[in-house]
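Start at 1 and go down the list; that is how both ligands and their atoms are numbered. Every value quoted in this text rests on a predicted model; they were computed, and no experiment measured them. Heavy atoms only: backbone and side chains are in, while hydrogens, waters and symmetry mates are out.
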Amino acid sequence: MYNPYQIVNNIYYVGVNDRHKMFFENMIPLPNGVSYNSYLIVDEKVVLIDTVDTAFCEQFLRQIKEILGNRVVDYVVVDHMEPDHSASLLALIREYPEIQIVGNSKTISMITGFYDICKGFYEVGDGDTLSIGQHQLQFYLTPMVHWPEVMMTYDVTDKILFSADAFGCFGTLDGAVVDAKLQSLDKYWHEMYRYYANIVGKYGSAVQQAFKKLATLSIETIASTHGPIWTSNRLPQVMSVYDKLSRYEGEKGVVVVYGSMYGHTEEMAETVARGIVENGIPVVLHDVSKSHSADILADIFKYKGLIIGSPTYCNGLYPEIASLINKLEVRGVKNRIFGAFGSFTWAGTSVKNLNLFAEKMGWELIGTVEQKQSLSLENSKSLLELCNSMSLSIK
Ligand code: FEO
């Protein structure tokens, strides 16, 4: 069964849904799956924008042939070389040997390195244009909006921005591909935070540079490599989510993350969560041993306040907390208001280590509480004071 999705006149969606992969990049859970988006522009020349994961190559080619019949694809634009978007290139070349691969110098060198493809390139630079009949395509280099070779393609005629990973999200496209036709968008908003924090998160300044570069374009549709095609009503919200996340502007709310072996640090976490809520501030509470780090990172990117609790373990941090803070450091999360707490049995180092971490990150430290063994009344009050300071800073 195949029934091509026409987005606008002569522009088709030829992407696929992946409901099988458990972990994106072999790390990030995909409870709602993921789509690999590709687009076919049929004009005097036929242009494909990106390809799909190699596991879906046959389905991908079949969709293209269903639309084109005996016509050939003249160009494939590689906006992003990561294999979830480029791994079907070899099969595409086998099917259309005369196809020209459109990319910038970095793309071309990566394609040669990854796939040993050495010819058939059409190199473009920032601001270059390719006329394919009615449609004019303009290319904008947006390096590090995930990888260094990333570029975006703007269709001047239909005002569509093919945005590579930018404005993307996890989640399969169920029954439709355009936002207005999807039954509910709820899962995609949530998945956008998970996607941004885990995939693009480190590159906030690159996203901001891209925003500046694209500021003068009149954009009516955003067609990313993952998730729904966003049209006019939803564009402000999509852009706002990416803008705020890339500025590290957290929303009003506090993430409390803790590790606990025998419940003492957990009791402190419960006290903190209650204290914050009683101040009228939203709280998300994560047991680091239960929540996946991909979900914790998404919440930390979303909210302004962060309070981490760790027991002292082998004279250091609880290993799962150490792993989490490493992930935060790797992503260079900025501008968080931070508090720390922890417990120990015979010698405490966890709170000191969390303070050092906050200092390294350049975050505002609003307080710490350290408990020897089980929670005392005095330290329970200190935790509530920490909550009050956090709440004042957040407000
Ligand atoms: Fe979906 Fe950065 O690749």
Side-chain angles (χ1 to χ4, degrees), residues 13-39 48-57 59-60 76-89 92 101-104 106-111 113-115 139-153 161-173 177 187-188 191-210 222-230 238 241-242 245-246 294 297-298 301 327 330-332:
Y13 178 84
V14 288
V16 296
N17 287 311
D18 189 344
R19 296 187 172 85
H20 306 290
K21 188 178 279 180
M22 298 293 289
F23 297 100
F24 197 79
E25 293 183 348
N26 216 10
M27 286 184 287
I28 302 148
L30 290 171
N32 292 305
V34 63
S35 68
Y36 310 116
N37 298 344
S38 171
Y39 307 92
L48 189 62
I49 310 280
D50 292 308
T51 74
V52 302
D53 188 283
T54 188
F56 298 87
C57 188
Q59 180 187 341
F60 172 62
V76 54
V77 175
V78 180
D79 278 333
H80 186 14
M81 220 304 295
E82 198 167 4
D84 52 334
H85 309 297
S86 70
S88 293
L89 274 177
L92 193 69
I101 303 170
V102 181
N104 58 69
K106 288 196 176 96
T107 328
I108 291 169
S109 119
M110 284 184 182
I111 288 173
F114 269 61
Y115 305 117
F139 305 101
Y140 292 91
L141 271 52
T142 52
M144 301 319 300
V145 182
H146 190 206
W147 278 21
E149 88 300 352
V150 167
M151 62 184 200
M152 299 188 193
T153 301
L161 180 70
F162 298 97
S163 63
D165 279 354
F167 311 113
C169 62
F170 295 129
T172 52
L173 302 172
V177 297
K187 77 172 175 186
Y188 303 110
E191 290 288 11
M192 192 171 279
Y193 285 95
R194 287 197 343 113
Y195 181 80
Y196 184 91
N198 290 283
I199 305 297
V200 189
K202 182 177 174 57
Y203 305 112
S205 61
V207 174
Q208 284 297 313
Q209 288 299 321
I222 288 180
S224 157
T225 46
H226 298 290
I229 294 166
W230 300 107
V238 172
V241 170
Y242 264 74
L245 286 170
S246 57
L297 286 174
F301 267 83
K327 290 181 172 81
V330 163
R331 284 163 180 79

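Note on ring orientation: taking the six-membered ring where Trp is involved, the planes of F56 and Y36 are tilted (angle from 30° to 60°). Between Y242 and Y196, the ring-plane angle classifies as perpendicular under the 30° and 60° cut-offs.
Annotation: side chain of R194 is in contact with side chain of I28 (closest heavy-atom distance under 4.5 Å). No side-chain heavy atom of S224 sits under 4.5 Å from any side-chain heavy atom of Y195.
Inside a sphere of radius 2.8 Å centred on atom 1 (Fe) of ligand 1, the protein N/O/S atoms present are D84 OD2, H85 NE2, H226 NE2.
Under the side chain to side chain donor-acceptor pair (under 3.5 Å) criterion, the residue pairs touching residues 25-34 are N32-E191, with sequence neighbours excluded.
Going from atom NE2 of H226 over to atom CG of D18 covers 10.5 Å, rounded to the nearest 0.5 Å.
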